[in-house]
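First comes the structure, then the notes that go with it.
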2 protein chains.
Amino acid sequence: MSNTQLLQYVRSFVSLTDEEAEQFAAPFEEVHVKKRQFVVQPNFTNKHRAFVVKGAFRSYAIHDGQEHTLQFAIENWWVSDFNSYIYQHPATLFIVALEDSVLLQIEHAKEQELKKANHKFETFFRIMAEKGLAFEHRRIIFNLCHSAEARYENFILNFPNFIQRVPQYALASYLGMTTEFLSRIRNKKAHRRS
Amino acid sequence: MSNTQLLQYVRSFVSLTDEEAEQFAAPFEEVHVKKRQFVVQPNFTNKHRAFVVKGAFRSYAIHDGQEHTLQFAIENWWVSDFNSYIYQHPATLFIVALEDSVLLQIEHAKEQELKKANHKFETFFRIMAEKGLAFEHRRIIFNLCHSAEARYENFILNFPNFIQRVPQYALASYLGMTTEFLSRIRNKKAHRRS
DNA sequence: AACTACATCAACCTTTTTTCTTGATCTGCT
DNA sequence: AGCAGATCAAGAAAAAAGGTTGATGTAGTT
């Protein structure tokens with residue numbers, strides 16, 4: 001059961017009794033999406049917070065016709081347009097499945113109930129937010145300080161399991177460079193090794 | 001300007017002074033969508049009525065895993081999940097762009113204001129609804145009375161400019177037959193001609 | 001002035017996906 | 001039995017997605 005996976009994840013942050021675990025998992029529903037399917041689109045409010053049980057996602061914005069990737073998510077990551085979700089405003093991001101995937105999603109209102117119901121649940125969501133914030137801070141600083149090549153190398157180092165699963169144009173736009181330039185970096189690297 | 005196109009259309013049904021035209025057009029906003037992008041999805045309320053300035057759309061329902069096409073729309077047609085739009089209830093249809101397209105859309109509330117503001121606007125929307133209703137009546141009767149082949153021939157006759165723009169599987173599901181059967185009809189027809 | 005780090009544009013190739021076609025077989029009607 | 005049409009499976013054809021390369025440009029450095 002896919003709840004097991006979610007609960008295992010949650011329990012790695014807060015300890016839950018079996019009843020608590022059950023209570024936490026209850027409001028989540030399983031959703032299957034096919035590759036290339038959108039789960040969030042601009043102008044539609046992002047009503048759920050979603051946990052990736054299986055598969056891969058990309059969230060991105062389009063500005064002046066250019067796609068800018070904000071995030072990738074694979075198993076045991078969360079995906080949503082956070083600005084849309086927490087304020088329950090229309091989304092500005094696209095979130096699309098990069099593979100056939102399975103999500104566990106909880107409605108915004110249900111999440112509020114959970115947090116009210118049990119202090120541990122509140123703690124869990126706080127930890128998620130803090131981790132997310134810290135991660136983005138590291139990312140921003142790193143991006144500001146390093147060259148395109150260094151950013152790519154860093155990505156490989158930190159997310160080796162993403163590399164085979166995200167398309168290169170998406171990775172390029174995540175790392176803030178053109179797809180052509182990323183292609184050249186990879187090429188150069190391959191030659192160096194041989 | 002794409003408003004011109006809308007106003008020309010409106011004026012073909014009701015006469016408007018220039019001020020009226022301006023007032024009518026004001027609440028419409030232009031939206032660009034790419035091929036394969038959804039503008040309406042089940043469970044989200046269809047908040048806008050949309051006029052197709054450029055491009056093509058298809059609205060369809062999924063029942064028992066089968067897609068059933070309700071409508072196609074190209075330039076100068078309107079597209080929405082009408083049941084969702086007029087009652088402002090969650091949609092049951094998908095509406096997807098078949099090509100890169102441009103819409104002019106008006107919010108539900110703004111439309112109500114327009115209709116209150118000027119009798120002519122009320123008249124215009126009444127005409128749209130009546131035309132739509134009459135059209136669907138013709139369609140239903142025709143479908144009940146004719147064979148798959150006759151329905152296809154009729155479509156060609158009445159909507160020659162749709163033929164090249166809608167995929168065949170979509171047309172088949174609009175005409176109430178399988179894509180394979182439509183393929184055979186087309187094939188037979190081609191042979192007859194040569 | 002040359003060099004580095006990167007962008008843009010266009011062409012092209014490869015792989016994957018989508019769409020369409022065909023044959024074989026089945027069903028329910030008349 | 002014969003017709004209108006469905007279903008299933010296999011392929012072919014067409015379109016789209018993804019990736020690479022070369023040429024050329026630019027802004028900031030050395």
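Predicted model only: the values in this text are computed from it and were never measured.
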Whole Å only: how far is the [atom1] atom of [X] from the [atom2] atom of [N]?
X: B:R36; N: C:dT17; atom1: CZ; atom2: P; value: 12 Å
X: B:R165; N: D:dA14; atom1: CZ; atom2: P; value: 21 Å
X: B:D64; N: D:dA6; atom1: CG; atom2: C1'; value: 15 Å
X: A:R151; N: C:dA5; atom1: CZ; atom2: P; value: 12 Å
X: B:M177; N: D:dC3; atom1: CE; atom2: P; value: 19 Å
X: A:Y152; N: C:dC6; atom1: OH; atom2: C1'; value: 17 Å
X: A:K189; N: D:dT20; atom1: NZ; atom2: P; value: 13 Å
X: A:L98; N: D:dA17; atom1: CG; atom2: P; value: 14 Å

- Message: Measuring from the side chain of B:F181 (C-beta onward, heavy atoms only), which nucleotide among D:dG18, D:dG5, D:dT20 has the closest atom?
- Response: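 Of the options given, the side chain of B:F181 lies nearest D:dG5.
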- Task: Counting heavy atoms from C-beta on, name the nucleotide in D:dT21, C:dA7, D:dG5 closest to the side chain of A:N187.
- Result: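 The closest nucleotide is D:dT21.
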- Message: Over 60° means perpendicular and under 30° means parallel, so tell me whether B:F162 and B:F159 are parallel, tilted or perpendicular.
- Response: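 Correct class here is perpendicular.
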- Task: Look at the rings of B:F24 and B:F124 and say which category their plane angle falls in: under 30° parallel, 30 to 60° tilted, over 60° perpendicular.
- Result: perpendicular
Can you check whether [X] has a side-chain N or O nearer than 4.0 Å to OP1 or OP2 of [N]?
X: A:R186; N: D:dG18; value: no
X: A:T178; N: C:dA7; value: yes
X: B:S183; N: C:dC20; value: no
X: A:Q168; N: D:dT20; value: yes

- Message: Using a strict threshold of under 4.0 Å (side-chain N to carboxylate O), is an ion pair present between A:K110 and A:E29?
- Response: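 A salt bridge is absent here (no side-chain N lies under 4.0 Å from a carboxylate O).
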- Which sits closer to the 5' end of DNA chain C, B:Y169 or B:R184, going by the nucleotide each is nearest to?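 This one resolves to B:Y169.
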- Message: Both A:K35 and A:Q66 contact DNA chain C. Taking the nearest nucleotide for each, which residue is further toward the 5' end?
- Response: A:Q66
- With a cut-off of under 6.0 Å to the ring centre and 45° to the axis, is B:R139 in cation-pi contact with B:Y174? yes
- How is A:S147 classified with respect to the nucleic acid when contacts are heavy atoms under 4.0 Å: base, sugar-phosphate, or nothing?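 If one applies the 4.0 Å heavy-atom cut-off, A:S147 turns out to touch the sugar-phosphate alone, with no base involved.
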- Message: Given the structure, check if the side chain of A:E180 and the base of C:dC9 hold any donor-acceptor pair shorter than 3.5 Å.
- Response: yes
- Task: Take B:Y85 and B:W78 through the test ring pair (Phe, Tyr, Trp, His ring centres under 6.0 Å) and record every step on the way to the result.
- Result: CA-CA 12 Å; B:Y85 182 69; B:W78 296 86; 9.4 Å; no
